[in-house]
Student: 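Here it is, the structure in full.
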Amino acid sequence: MNDFMYHNPTKIEFGREKENNIGQYIKEANIESILLVYGSGSIKKNGLYEKIIASLKTNGISYEELDGVVSNPLLSRVNDGIKIIKEKKIQAVLGVGGGSVADSAKAIAAGAKYDGDVWDFFIHKAEITEALPVFTVMTLAATASEMNGNAVVMNDETKQKYAIASILINPVVSVVNPELMATVSREYLVYSAVDIIAHSIEVYFTATLHPNFNSRIVESIIKTVMETTEVLLENPNDYEARAEFAWIAIQALNGLTPAGTEGGSFPNHMIEHSLSALYNVAHGAGLSVVIPAWMKWYENQNPKQFKRFAKEIFNEEDSSKGIEKLEEWFAKIGAPVSLADVNIPRDGIVELAINANATASMWGIGEMYTVDAIVNILEKA
Ligand code: NZQ
Ligand code: ZN
């Protein structure tokens with residue numbers, strides 16, 4: 001096992017009706033004013049908005065609002081949030097929604113403490129040295145944004161979908177009530193399952209050192225996601241399955257699975273972010289297109305781990321069977337598995353590869369993932 005430092009400062013409040021305590025959690029952190037960030041209306045339809053406001057009022061927390069955060073969240077909306085915070089001297093940010101809302105809340109929190117353009121953090125022109133405290137109430141389980149320091153935002157002008165990562169934007173407290181997730185659409189449930197699997201397999205396949213424990217956590221995550229997804233597709237109100245799904249989503253990207261491994265990278269995410277940036281494809285939908293293609297391209301780089309995957313997940317001896325079975329499962333649950341499935345034409349591949357290669361360079365994997373290599377991968381999709 002490699003040396004590592006593992007520090008996750010986020011407190012998770014997990015369970016039924018915990019959203020009613022959000023005002024209390026914020027007050028306990030000595031905060032009196034927040035910017036409430038949310039999406040395009042789901043929290044108003046299901047009554048969550050009223051509950052949040054009531055909890056804030058009961059605890060004497062004043063608030064301003066920023067609504068309209070979209071999936072593949074936009075830098076322009078993040079800047080709107082930063083402006084409100086600076087004008088009104090607000091102390092913290094509360095995101096109520098899915099990963100797009102949580103990520104926007106985090107970017108706002110970092111930008112609010114910075115005199116320059118928040119995009120500087122995304123292009124590595126500046127480092128986050130300070131941020132406002134972030135709180136979240138999660139309504140969709142997929143990204144683990146509720147318990148990590150990542151935020152992914154799309155620059156609407158340059159069409160770059162880039163990420164920041166800092167422990168300073170890990171949420172202070174995240175409320176995870178699985179019941180709030182019962183209204184997530186069938187399509188987003190499927191995308192979420194793919195995203196969780198993606199978070200698990202990136203380092204599992206790309207690391208050069210694989211402690212058994214880490215591999216086994218990943219295999220457990222994948223098997224349990226597959227089982228619970230199938231239960232939830234049948235019955236979206238199954239609390240036990242919903243709760244396991246929500247907790248697994250968090251474990252898949254809160255720093256646990258790579259701790260002690262070596263040399264892992266996130267090539268599927270690197271490529272997918274370009275599908276989202278240029279074609280506004282949902283993150284999970286882009287991943288189910290990229291993953292089987294990337295696996296076929298990468299298989300020979302780590303044959304032992306691909307063989308292990310096939311055996312542990314699908315009880316198959318042959319590693320290419322493991323890839324085939326995963327692709328079949330994606331298709332079975334209704335996830336897209338080709339560029340055509342998400343309406344991306346073949347002649348869009350080169351532009352996608354150029355866009356993705358820029359991300360690869362920032363993530364330190366530009367040498368392996370040249371434009372040509374990414375074209376090769378996407379040709380398989
Ligand atoms: O906007 P609203 O009305 O809230 O609707 C959302 C949105 O349309 C809806 N939704 C959320 N909770 C719901 C619900 N609808 C009904 N009932 C509920 N309880 O679902 C739609 C999708 O929401 P979104 O937040 O976009 O989904 P997700 O959580 O999958 O987040 C995706 C974003 O996170 C980024 C992705 O790139 C993408 O931009 N990622 C963030 C990561 C991180 N912070 O660590 C890592 C990931 O790999 C990923 O890159
Ligand atoms: Zn992801």
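Numbers here simply count residues along the sequence, with the first being 1. Each ligand, and each atom within it, is numbered from 1 in the order the structure gives. Because only heavy atoms are used, hydrogens play no part in the values below, and waters and symmetry mates are left out as well, while side chains stay in.
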Student: Any side-chain to backbone donor/acceptor pair from Q305 onto Y204? Under 3.5 Å, distance only.
Tutor: yes
Student: Do you know which two heavy atoms are closest between N72 and M154, and how far apart they sit?
Tutor: O-CB, 4.1 Å
Student: In terms of residue, atom name and distance, what is the protein heavy atom nearest to atom 44 (N) of ligand 1?
Tutor: D103 OD1, 2.8 Å
Student: Which is it for L180 and ligand 1 at heavy atoms under 4.0 Å: side chain, backbone, both or neither?
Tutor: backbone
Student: Residue-level breakdown please: for H273 versus ligand 1, do any non-hydrogen atoms fall below 4.0 Å on the side chain, on the backbone, on both, or on neither?
Tutor: side chain
Student: Strictly inside 4.0 angstrom of atom 14 (C) of ligand 1, do you find any protein heavy atom?
Tutor: yes
Student: Do D103 and V78 come close enough that some side-chain heavy atom pair is under 4.5 Å?
Tutor: no
Student: List, one per line, each side-chain donor-acceptor pair under 3.5 Å for residues 348-361, sequence neighbours excluded.
Tutor:
residue, atom, partner, partner atom, Å
N355, OD1, S274, OG, 2.7
N355, ND2, K159, O, 3.0
N357, ND2, Y369, O, 2.8
S361, OG, N357, O, 3.1

Student: What residue and heavy atom of the protein are closest to atom 46 (C) of ligand 1, and at what distance?
Tutor: L253 CD2, 3.7 Å
Student: Cut-off 3.5 Å, no hydrogens considered: what does the side-chain donor-acceptor table look like for residues 178-188, sequence neighbours left out?
Tutor:
residue, atom, partner, partner atom, Å
E179, OE2, R16, NE, 3.4
S185, OG, Y188, N, 3.1
R186, NH1, L233, O, 3.1
Y188, OH, S71, OG, 3.0

Student: Check whether more than 12 heavy atoms from other residues, nucleotides or ligands sit under 6.0 Å from atom NZ of K311, and answer yes or no.
Tutor: yes
Student: For ligand 1, which atoms, with element, lie under 4.0 Å from some heavy atom of G41?
Tutor: 3 (O)
Student: With a 4.5 Å heavy-atom cut-off, do R346 and E379 have their side chains touching?
Tutor: yes
Student: Which atom pair, heavy atoms only, marks the closest approach of A131 to I169?
Tutor: CB-CG2, 3.8 Å
Student: Please indicate whether K11 has more than 12 foreign heavy atoms, meaning atoms of other residues, nucleotides or ligands, lying under 6.0 Å from its NZ.
Tutor: no
Student: Could you check whether any side-chain N or O of N214 sits under 3.5 Å from a backbone N or O of H210, counting only pairs where one atom can act as donor and the other as acceptor?
Tutor: no
Student: Please write down residue, atom name and distance for the protein heavy atom closest to atom 24 (P) of ligand 1.
Tutor: S100 OG, 3.4 Å
Student: Spell out the protein N/O/S atoms under 2.8 Å from the Zn ion (ligand 2) as residue plus atom name.
Tutor: D195 OD1, H199 NE2, H269 NE2, H283 NE2
Student: Around atom 1 (O) of ligand 1, find the nearest protein heavy atom and jot down its residue, atom name and distance.
Tutor: S40 N, 2.8 Å
Student: Is there a polar contact, in the sense of an N or O pair closer than 3.5 Å, between I43 and ligand 1?
Tutor: no
Student: If hydrogens are left out, which of L140, V184, N254 has an atom nearest to atom 9 (C) of ligand 1, that is, the closest non-hydrogen atom?
Tutor: L140
Student: Please output the side-chain donor-acceptor pairs of residues 116-125 that fall under 3.5 Å, not counting sequence neighbours, one pair per line with the distance.
Tutor:
residue, atom, partner, partner atom, Å
D117, OD1, W119, N, 3.0
D120, OD2, Y114, OH, 2.7

Student: Looking only at protein heavy atoms, which one is nearest to atom 12 (N) of ligand 1, and how far off is it?
Tutor: T139 OG1, 2.7 Å
Student: Any idea which part of N148 is under 4.0 Å from ligand 1, heavy-atom wise: side chain, backbone, both or neither?
Tutor: side chain
Student: Going by heavy-atom distance to atom 18 (C) of ligand 1, choose the closest among T183, L48, N72.
Tutor: T183
Student: Considering only the protein, which heavy-atom contact is closest to atom 28 (P) of ligand 1, and what is its distance?
Tutor: G99 N, 3.6 Å
Student: Is any side-chain heavy atom of E324 less than 4.5 Å from a side-chain heavy atom of F314?
Tutor: no
Student: Can you list the steps and then say if N177 with R242 is a side-chain hydrogen bond (donor to acceptor under 3.5 Å, both in side chains)?
Tutor: CA-CA 9 Å; N177 173 1; R242 191 65 75 176; over 6 Å; no
Student: Closest non-hydrogen protein atom to atom 3 (O) of ligand 1, residue and atom name please, with distance?
Tutor: S42 N, 2.8 Å
Student: So, for atom 22 (C) of ligand 1, does the protein have a heavy atom nearer than 4.0 Å?
Tutor: yes
Student: Hydrogens and angles aside, do N268 and E202 bring a side-chain donor and acceptor to less than 3.5 Å of each other?
Tutor: yes
Student: Looking only at protein heavy atoms, which one is nearest to atom 49 (C) of ligand 1, and how far off is it?
Tutor: H283 NE2, 3.3 Å
Student: Is the number of heavy atoms from other residues, nucleotides or ligands under 6.0 Å of D115 CG greater than 12?
Tutor: no
Student: Should one rank H269, M181, H199, K161 by closest heavy-atom distance to atom 36 (C) of ligand 1, which comes out on top?
Tutor: K161
